[in-house]
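What follows is one structure encoded as C-alpha cells, with my remarks underneath.
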Amino acid sequence: MILADFGTSYSKFLDLEERDPRPRILPTKELDRGLRVDLATGHNGKRFSARYVNELVALARGAEALISETSYLVLDCGSRDIKYIRYRDGKLLDMGWNAECGASMGFTIELLERYYNLDFQRLAVPEKTFSVTCGVLGISDIFDAITSGDGESVAVARFVKGIAVNAHRFAGSPEKLYLSGGLCDNPLFVKSFPCQVVPLGRFVLLSGLRRIADR
Amino acid sequence: MAFLDHAPDLEEIRRLLDERRPQRVGIVGQPPRAVIGELNGRAIEILDLDAILVREDMEATVAVLPRVYCAILRTVVLNAMHLDLDAIFIDTGPGKCDSARYVATILEELLPIPVLTTINLDQEPCGNPFCRANLDLTEKFLAITEGVKCARPVAANLDPCPPTAGFWGVPPRDFSILAPFPATTHVYGWTRCLENKTPADLALEIQVNRTIPTVFFAQSFCAKTALARHLAHRHPHALYLDIDLHTTSSAKAKVQAFLELSEVAP
C-alpha cells in the first residue's frame, strides 16, 4: 500500500509493503501524471488517488501518532499555506487553515534562499522583523530594506522571522507548539518563533495516513 | 417618490400598492409580517434579493459598492440591477443591518422604482420546526429562506431530532458549505430568528447548544462576524468560519475536518 502527501512543492511517499518503510521525497513538478497511490493527502492529492484524506485530518492523526501529550497545538507550515490543530485533554479544541493570507510563505522562503544564494543553516535570527502576512507581498519589504542599507541576508532573515511571527499569531500565540513541514529543517525559521518549538519534521501527514491505513 | 427619510407605515405601503399595483417586488432581509401579508394578500410575486437569482458578473456592482463588502448585499445590488422589479422592500435596523440601510439609499438613486425601508420588530414567535428537524441541512435552509416570502409560518409536520452538530449564523450566500453536515444538525443564530419570523430577536440569535460541536458562520465583512467570533470563543467545541463570495476548498476542508475530528457521524 502506497501512501502519499502531495504538497505544492514536494511530494512525500511511504510504501507500507517495504520491509522497513521509509519516506521518500520528490519535487511535485517532477511527478508522472499517470502516477496513482492508494491513499493520499495534500494540495494535489485528489489528482493521484481515488482515496483522499483531508489535510487537516491527516495532520491531526499524524500528531496523535507522534505526540504523547493530550493537550497540544501542532502547526503545519507548508509551501502554500499554514494550518494548525489544537487539542485539549484529547479533544479537538480549535483549528485553522490559512490558504489565502498565508499564501506561498514556505515557497517564497525557498525561492529567496536560492535567489540570494543564502544558507539558512548559518543565518542568525535578527532582532527586528517585518510584518509579513503574505509571502508575495513580503518581498516588497525585502527590497525596501535592501534599498535602506540592510544586507541581503539580514533583510531575508527579517522576512523569515516575520513569517514565523505571523504563523505563531495565526495559531493563537501559544507558549509551545509542535511544528510540522519542510520548514522544520530551516533553523532560522524554527528559532524565529517567539515560543518553544518542537520540530516534528516533514512527514507528519504521512504518519497520519499510516495511522488511518492501519485502522 | 422618496421613502428613505422614514420607514413608511402600513397605511403608506397600502397606498403605494393601491397606486402602483406592482406585480413583482424584491425583498431584502425579512420585512415585517404585516408587510409580507399585504403582498401575499394581493398575490404579488416576491423575489428574495438576498439569494442568488441572476448569473451575472459580480464585478458589475463595483461601480456602486466597494468590492470589499458583504457578499449578501453585493448580491442584492446585482439582483436589483438585473431583475425587472416594480418595487423593493428593504428591512433595516436590528432585524437586518445598517449596511442594508445604506444599500437602500444607493438603490433608490440607481433604480427608477420605489425603494422602501422597513424596520421589523415583530416579536410573535412562529417556531423552529426546520431548524430542529432531521433533514438535509441544505433542504432546511432552502425551506427557511423560502418561508421569508410568506407571512404565515410554513406548515411543516416535522418532529425535532436530538442534535449531533450545530450551525450558527445567517443563511450563507453559497449553500455548498452546508453539504458536509449531517441531517441531525440543528440551526441557530439569525437563521433561527428568520424561521421564527422575529429577525430582531437578539436573545434568540445568541442561543447556542454547548453540548454539540458547532460551526459559527458569518459572511465576511458582515457586522455579525463579531457576534459569531465572540460566541465561538465562549463555546467549548466551536469552529469560527467566515466566508466571502464563494466557499473556498480550505473552508470546506475545515468543516469536514472539524466534523470528522469531533466524531460527528456523517
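Remember, it's a predicted structure, so these values are computed and weren't measured experimentally. Here is the naming used below: chain letters follow the sequence lines, and residue numbers restart at 1 for every chain.
Between atom CH2 of residue A/Trp97 and atom OG1 of residue B/Thr248 there is a gap of 9.0 Å, rounded to the nearest 0.5 Å. Separation of atoms CZ (B/Phe258) and CG (A/Asn54) is listed at 13.0 Å; rounding is to 0.5 Å. For the atom pair OG (B/Ser250) and CG (A/Asn98), the distance works out to 8.0 Å, reported to the nearest 0.5 Å. To the nearest 0.5 Å, atom NZ of residue B/Lys254 and atom NZ of residue A/Lys83 are 11.5 Å apart.
Heavy-atom neighbours of chain B within the stretch residues 57-73 of chain A, taken at a separation under 4.5 angstrom, comprise A/Val57, A/Ala60, A/Arg61. Contacts from residues 41-50 of chain A to chain B, taken as heavy-atom pairs separated by less than 4.5 Å, involve no residues at all.
Looking at B/Ala251, neither its backbone nor its side chain comes within 4.5 Å of chain A, counting heavy atoms on both sides. When heavy atoms are compared at a cutoff of 4.5 Å, B/Pro213 does not approach chain A at all.
The number of heavy atoms from other shown groups lying within 6.0 Å of CD (B/Glu263) does not exceed 12. Few gaps surround CZ on A/Arg36; more than 12 heavy atoms of other groups in view lie less than 6.0 Å from it. Within 6.0 Å of the CZ atom in A/Arg33, the count of heavy atoms belonging to other residues, nucleotides or ligands does not exceed 12. For B/Glu109, the CD atom is loosely surrounded, since the number of other residues' heavy atoms within 6.0 Å does not exceed 12. For A/Tyr115, the OH atom sits in a loose shell: 12 or fewer heavy atoms of surrounding residues, nucleotides or ligands are nearer than 6.0 Å.
Here the closest non-hydrogen pair linking A/Leu92 and B/Ser262 is CD2-OG, 3.7 Å. Closest approach of B/Ala257 to A/Leu56, counting heavy atoms only: CB-CB, 3.5 Å.
Contact check for B/Leu261 versus A/Tyr87: side-chain heavy atoms found under the 4.5 Å cut-off.
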